[in-house]
Structures are given as C-alpha cells and as structure tokens.
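Take a look at the structure below.
The figures here come from the full heavy-atom set of this structure, side chains too, leaving out hydrogens, waters and symmetry mates.
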Amino acid sequence: MRFPFIPFVFITLLLSLSCKNEVNLNAPQKDMLVVYGVLNPNSDIQFIRVSKLFLPEGDAIQYAANNDLTLNSTQAEVYLQGIKMRDTFITRNTGIFTAGQHVFYLDKTDLTIQAGTRYNLEVKYLPNQAANIKAHTTIPARPQLISPFSPIYSGGGLNIANAPVAFENATKITIAKTTYAASYELRMFFKYFENGSERNVVYGPRSFTTSVNCTGGKDICYGLQKGEVLDFILSTQQVSNPSPNYYTSIDTPLNVPSAQIDRLNKSNYLSITAVDSFLYLYMLANNSNSSSFATSTLEYTNIENGAGVFGSFSEAGTYVDFTQCGKYLLHFNNAASPGSYCRLN
C-alpha cells in the first residue's frame, strides 16, 4: 500500500481562516467571502471551504472558537468547472477554530481532475450576489523523476527490484521541469520498526524553485548533504545504543518477477510535489507573516472579489531501498558493515 500523501499545506489551508490585511473599522458593513481550495489530481475527492470574512465585537479568537464560520448549501452555491458541488459537515482536532466545519466537495464520479488542465471556480452567495466570487487554477503537470529512479530490472527485464539509494553519501534528486509549476517540494517517507512497534517518519518538506546544492542543467535538482537523511532517521530512534535486531525494516522481497511489481518493498517512498503559482505565492506570503491577530500583515489572494486561495498541485514519486551501508548505519536488521568506508563522518 502506498504511503498516504496529504500535504501539510492542504491541511493548513482547509482548517485555517484568513483576513484581509487592512480593515477600516469605521467602514460600512460589507459581505466578503473567503475561499480555501487546493485541487489534487491524485485524490478521489476535491474539497472547497467557503466562509465569510468576519470582524466581531470583542475577542476574535474566542469568537472563531465558538462559531462555525463556514457556509453551507443553504447560503452558497459552489461550482467547479460548471458542476455544482455538494456540501458536508466535517470534524477535526480542536484548536483555535471550532472543530466542526462545512465544506463543499466533488468526487471523481462527478469530475475527473487532470494535471495540465485549467479549472474554474465560481461561488454564488445567495443572500447577496454582490459578494459572488470567481477564481481559477491550472494544475501542474505530474513531476517526472530522473534520478534516483526505480525500479531496476535484471534477467532481461524478467525480474524487478527497487533501486538502492546511497543516502550515506551526498545524493542528488533530479526532476524534469514541469509545466505550470512555480515551485517544488521534496518529501521522503520512511517506515521501520523499533522493538516491534511501527514508526513512520517524514523527511521534509523541502521547498525549492531552482536547483539547490547541485547543478541541474536543463533540469532541476535538490542536493542532499552526506548522511543528511540518515542523520534525520537516526534522530527519530528513541533508544540509545540499540542491541542487534532492535531496529528492523521490511526489505524483502528484494527481487520479484516484473509482472508482480506490487510485491516490491514499500517502506521508503520519495515524493516530489509540483505547486502552481497561486498556491506558491500564497504560501510565500504567509510564511513571512505573523500569526498574531494583533498585527497587520500582507495577505495574498487570487480570489476575484474575495479572499483566500484557490490553487493546485500534482505529486509523483518512487519507492527506493537503502544500500547495505545505509542499513548498517541505521542499525536495521542487524546488518553487517560492508567495509571501513561505510561511515557518516
């Protein structure tokens, strides 16, 4: 089973609330909608959250914690590519904002979301048509990994295995530049067992717009320092001086018939996400902003006549394995040292 990929930025956008950067306290009341939506062609369901911009009397944080600010189908009609979206009520872990929220959604039977395609969003606010909003996004093409690539074939293509990546050395991740992408994010998902208990760790995200610590030529690359990934995994191990076989990983089958590719090891997944320009600019603006309601901050939006963001991304990746040296350095499966050259420092 593939690692579930739920980008942190999507969770943040779906469950957060934003305000305009300048509010005139003496201005007459005006309806304005806030939209958060991030399209993902790898997902079976697409979600859009719509709420009203609010300026309550008193403590804004307390007001948001006690009130559902999102709109439902009795208040708004939401159309994606001309198809009317349904609404539902979701709950989440409690935080600053109320745990229950309404969202609009479509599934793949309603509309197939495809990379490289432009999608138009329209929201009609039923109490006041002057607050209607529009937005669009073009989903980046699916990223193409050049190196490391997996799987590898042997025996005239009859057998197949994941490519081993020497994370103990400096490693260059190279991808072909993707149309409609403004930035890229690198993540790596690792699963291992500590004293029999499963542990899942995520390296990243590492965001980049141009090549980092490497030369990509016509392509774009991200260079990992020697032992950087292994040091990160080692930092997640809770027990010092582990005894043999205390840490284990699934690394079999190492070689299977090519027709049985689904049997390959799925413990280590390398992911590249291509992010569209609207979502990238929104993240860029908010990463430099203060989270305090007491300060005035700049707020990027691509929502016509409203606030928030309507963006998209696409993701691709590959499963990889550690080398024998990598397994030894991580204390996995009581792996033997392959030689004196195998060390992090």
Inset, instruction - Identify which one of Ile48, Thr88, Asp87, Asn72 satisfies the side chain to side chain contact (heavy atoms under 4.5 Å, CB included) criterion when paired with Val103. - result: Thr88
Legend entry - Aromatic ring proximity Phe322/Tyr328, centre distance under 6.0 Å: no
Inset, instruction - May I ask you to check whether Tyr247 and Phe332 place their ring centers less than 6.0 Å from one another? - result: no
Legend entry - Within 6.0 Å of OH in Tyr125, more than 12 heavy atoms from elsewhere: yes
Legend entry - Gln129, CD atom: more than 12 neighbouring heavy atoms under 6.0 Å: no
Presence of salt bridge, [Y] and [X], under 4.0 angstrom:
{"X": "Arg187", "Y": "Glu185", "result": "yes"}
{"X": "Glu77", "Y": "Lys84", "result": "yes"}
{"X": "Glu194", "Y": "Arg199", "result": "yes"}
{"X": "Asp31", "Y": "Lys52", "result": "yes"}
{"X": "Asp107", "Y": "Arg86", "result": "yes"}

Between [X] and [Y], do the side chains contain an N or O donor and an N or O acceptor separated by less than 3.5 Å?
{"X": "Asn120", "Y": "Glu122", "answer": "no"}
{"X": "Asn333", "Y": "Thr248", "answer": "no"}
{"X": "Tyr192", "Y": "Thr236", "answer": "yes"}
{"X": "Glu315", "Y": "Thr273", "answer": "no"}
{"X": "Asn132", "Y": "Asn305", "answer": "no"}

Inset, instruction - Anything under 30° is parallel, anything over 60° is perpendicular, the rest tilted; go ahead and classify Phe208 against Tyr222. - result: tilted
Inset, instruction - Classify the ring geometry between Phe47 and Tyr105 as parallel (under 30°), tilted (30 to 60°) or perpendicular (over 60°). - result: tilted
Legend entry - Straight-line distance of Ile45 CD1 to Asp110 CG, nearest 0.5 Å: 9.5 Å
Inset, instruction - With side chain to side chain contact (heavy atoms under 4.5 Å, CB included) as the test, would you mind laying out the steps for Cys325 and Leu329 before giving the verdict? - result: CA-CA 6 Å; Cys325 179; Leu329 293 171; 3.8 Å; yes
ILVMFWY cluster, [X] and [Y] together (side-chain gap under 4.5 Å):
{"X": "Leu224", "Y": "Phe232", "result": "yes"}
{"X": "Ile152", "Y": "Val256", "result": "no"}
{"X": "Val201", "Y": "Ile173", "result": "yes"}

Inset, instruction - Heavy atoms only: give me the nearest Gln46-Leu39 pair and the separation to one decimal. - result: OE1-CA, 3.4 Å
Inset, instruction - Ignoring hydrogens and angles, tell me if any N or O in the side chain of Thr301 forms a donor-acceptor pair with the backbone of Ile303 under 3.5 Å. - result: yes
Inset, instruction - Determine, step by step, whether Thr178 and Gln144 satisfy the side-chain hydrogen bond (donor to acceptor under 3.5 Å, both in side chains) criterion, reporting the C-alpha distance in whole Å, the side-chain angles of both residues, the deciding distance to 0.1 Å, and the verdict. - result: CA-CA 8 Å; Thr178 301; Gln144 178 186 351; over 6 Å; no
